[in-house]
Amino acid sequence: MTASLASARACLSSVFGFDSFRPGQEDIITPILAGEDVLAIMPTGAGKSLCYQLPAIIGDGLTVVVSPLIALMRDQVAQMTNYGVAAAAMNSANDSDESRRVFDLIRRRELKLLYLAPERLARSETVDFLRRSGTARLAIDEAHCVSQWGHDFRPEYLALGEFRRALGQVQTIAFTATADAATRADIAERLFDAPPRIFIGGFDRPNLMLAMQAKDSPRRQLLGFLKERKGDSGIIYCSSRAGCEDLAQGLNDAGHRALVYHAGLDKGRRENNQDTFLREDGIVMVATVAFGMGIDKPDVRFVAHADLPKSIEAYYQEIGRAGRDGLPAETLTLYGLGDVRLRRQQIEDSQASDEQKRVERQKLNALLALCEAPRCRRQTLLSYFGETTQPCGHCDLCLNGAQVRDGTVDAQKALSA
Ligand code: ADP
Ligand code: MG
Ligand code: ZN
């Protein structure tokens with residue numbers, strides 16, 4: 001073990017109080033400690049923050065962290081301070097006393113971690129000051145915000161390239177959970193002068209069983225899926241409000257306990273349904289994608305899609321709400337010709353640029369390729385995120401082989417129509 005790895009492990013237990021690294025963390029931290037530029041792609045909750053906090057703590061000099069969310073900065077500064085690490089934030093919430101205190105700490109070279117709001121990047125006095133104060137490395141959290149292909153583009157992030165050059169080419173490390181190839185390449189190009197070392201990992205959720213079916217009679221298919229899952233909590237996503245109401249009614253008629261959640265309900269009813277779902281067991285939440293953000297219910301045992309999700313990223317995020325407790329959980333996604341037509345139409349009708357539409361069409365194609373995958377579904381899914389694995393042995397395709405297409409749905413044909 002190298003000296004730096006030994007001190008990384010010591011820091012992990014003495015500062016953070018953790019016994020071991022999560023999968024991938026050590027592989028990311030090692031090149032960072034060696035001074036390399038790194039782009040790390042790991043799913044939400046994998047532990048990306050520690051990958052820049054730990055090198056900041058044991059390395060020399062100041063680490064500047066660019067992060068788009070003030071609330072998140074505040075939490076991390078509080079946590080680091082609590083661990084005894086000198087950390088501070090510079091954002092629009094600072095008053096002038098606070099700003100002066102932070103500047104003094106940096107001037108005295110006492111600060112280890114500075115969280116910087118993206119709108120500060122373009123301020124020349126901030127940049128000059130940070131250059132003169134010996135910034136050692138730049139960490140960019142939520143790096144997909146720099147890409148117009150990502151779902152969360154922030155124009156202020158475009159100033160990062162200039163900021164970095166103004167600092168004098170400091171070591172740059174970037175982190176994101178968004179990983180499709182187009183976004184990845186775009187991030188690498190915008191944030192780095194030379195190709196960084198790219199690390200992709202942690203996307204596999206082995207306890208989630210993956211299955212997809214061509215849609216023929218959705219209610220019958222979903223009732224069949226629910227039959228062996230009575231008493232379990234789960235979510236069924238529908239693309240429309242009317243679809244939610246209709247399906248929930250059908251499930252209730254068949255003796256399930258279904259509730260609905262969509263933006264058409266008044267706030268009180270929405271909150272009520274959500275609370276009931278969180279508190280009680282055995283409720284099927286029939287919802288649009290408005291449901292699920294920030295919901296932390298560890299024992300969701302299944303997630304189904306009555307309609308095709310928007311993209312592979314959306315699919316991954318939505319099924320990812322099942323089985324957070326690590327116990328087995330089931331998923332089923334239905335896809336039909338109508339879904340594909342609707343999605344195509346939405347793309348064509350949107351206000352997006354031609355280039356963006358082209359990317360959206362590609363994303364839809366990738367999703368359809370996953371629906372009609374000839375081999376292990378998990379392998380196909382993970383390869384979209386850039387991760388290579390062996391066939392899993394327990395997805396629908398590993399268990400039953402590829403479905404024989406009956407001609408009712410031929411998504412590729414629909415696409416070229
Ligand atoms: P991400 O940014 O990848 O979504 P976070 O950095 O917010 O994830 O980390 C998610 C959670 O995992 C945090 O509560 C963090 O403290 C915890 N965590 C990170 N690394 C470890 C570890 N090695 N051992 C245990 N918990 C960890
Ligand atoms: Mg994070
Ligand atoms: Zn498989």
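Everything quoted here is computed from the prediction, not taken from an experiment. Every number for a ligand or one of its atoms is a count from 1 in the order of the listing.
Here the rule is side chain to side chain contact (heavy atoms under 4.5 Å, CB included) with Leu308, and of Tyr335, Tyr237, Tyr315 only Tyr335 fits it.
The residues Arg270 and Asp275 are annotated as not salt-bridged, no charged nitrogen and carboxylate oxygen being separated by less than 4.0 angstrom. Taking 4.0 Å as the cut-off between side-chain N and carboxylate O, Arg108 and Glu110 count as a salt-bridged pair. Note on Arg301 versus Glu330: no salt bridge recorded, every NZ/NE/NH1/NH2 to OD/OE distance being 4.0 Å or above. Between Asp141 and Lys48, no side-chain nitrogen of the basic residue sits less than 4.0 Å from a carboxylate oxygen of the acidic one, so the salt-bridge criterion is not met. Note on Arg120 versus Glu156: no salt bridge recorded, every NZ/NE/NH1/NH2 to OD/OE distance being 4.0 Å or above. A salt bridge does not link Glu142 to Arg154: none of the charged nitrogens lies less than 4.0 Å from a carboxylate oxygen.
Between Ser49 and ligand 1, an N or O atom pair is found at a separation short of 3.5 Å. Considering backbone and side-chain N/O atoms, Ser20 comes within less than 3.5 Å of an N/O atom of ligand 1. The distance criterion of under 3.5 Å between nitrogen or oxygen atoms is not met by Leu50 with respect to ligand 1.
Listed by atom number, the atoms of ligand 1 under 4.0 Å from Phe21 heavy atoms are 23 (N). Close approach to Pro43 involves these atoms of ligand 1, each under 4.0 Å from a residue heavy atom: 3 (O). Every atom of ligand 1 with a heavy atom of Thr44 under 4.0 Å away is listed here by number and element: 4 (O).
At the shortest separation from atom 8 (O) of ligand 1 among protein heavy atoms lies Gly47 N, 3.2 Å. Ranking protein heavy atoms by distance to atom 10 (C) of ligand 1, first place goes to Gly45 O, 3.8 Å. The protein heavy-atom contact nearest to atom 16 (O) of ligand 1 is Phe18 CZ, 3.5 Å. Nearest non-hydrogen protein atom to atom 17 (C) of ligand 1 is Arg22 NH2, 3.6 Å. Among all protein heavy atoms, the one lying closest to atom 20 (N) of ligand 1 is Gln25 NE2, 2.9 Å.
In this structure, atom 14 (O) of ligand 1 is not in close contact with the protein, since no protein heavy atom lies within 4.0 Å of it. Within the 4.0 Å cut-off (strictly below), a protein heavy atom is located near atom 22 (C) of ligand 1.
In this structure, Phe129 and Phe103 have tilted ring planes: the angle between them lies in the 30° to 60° band.
With the Zn ion (ligand 3) as the vertex, SG of Cys392 and SG of Cys376 span 100° to the nearest 10°.
Distances shorter than 4.0 angstrom do not occur between any heavy atom of Met42 and any atom of ligand 1.
Judged purely by distance below 3.5 Å, without hydrogens or angles, the side chains of Arg378 and His394 pair a donor atom with an acceptor atom.
For the Zn ion (ligand 3), the set of nearby N, O or S atoms under 2.8 Å includes one belonging to Cys398.
Taking the six-membered ring for Trp, Phe277 and Tyr261 have ring centres at least 6.0 Å apart.
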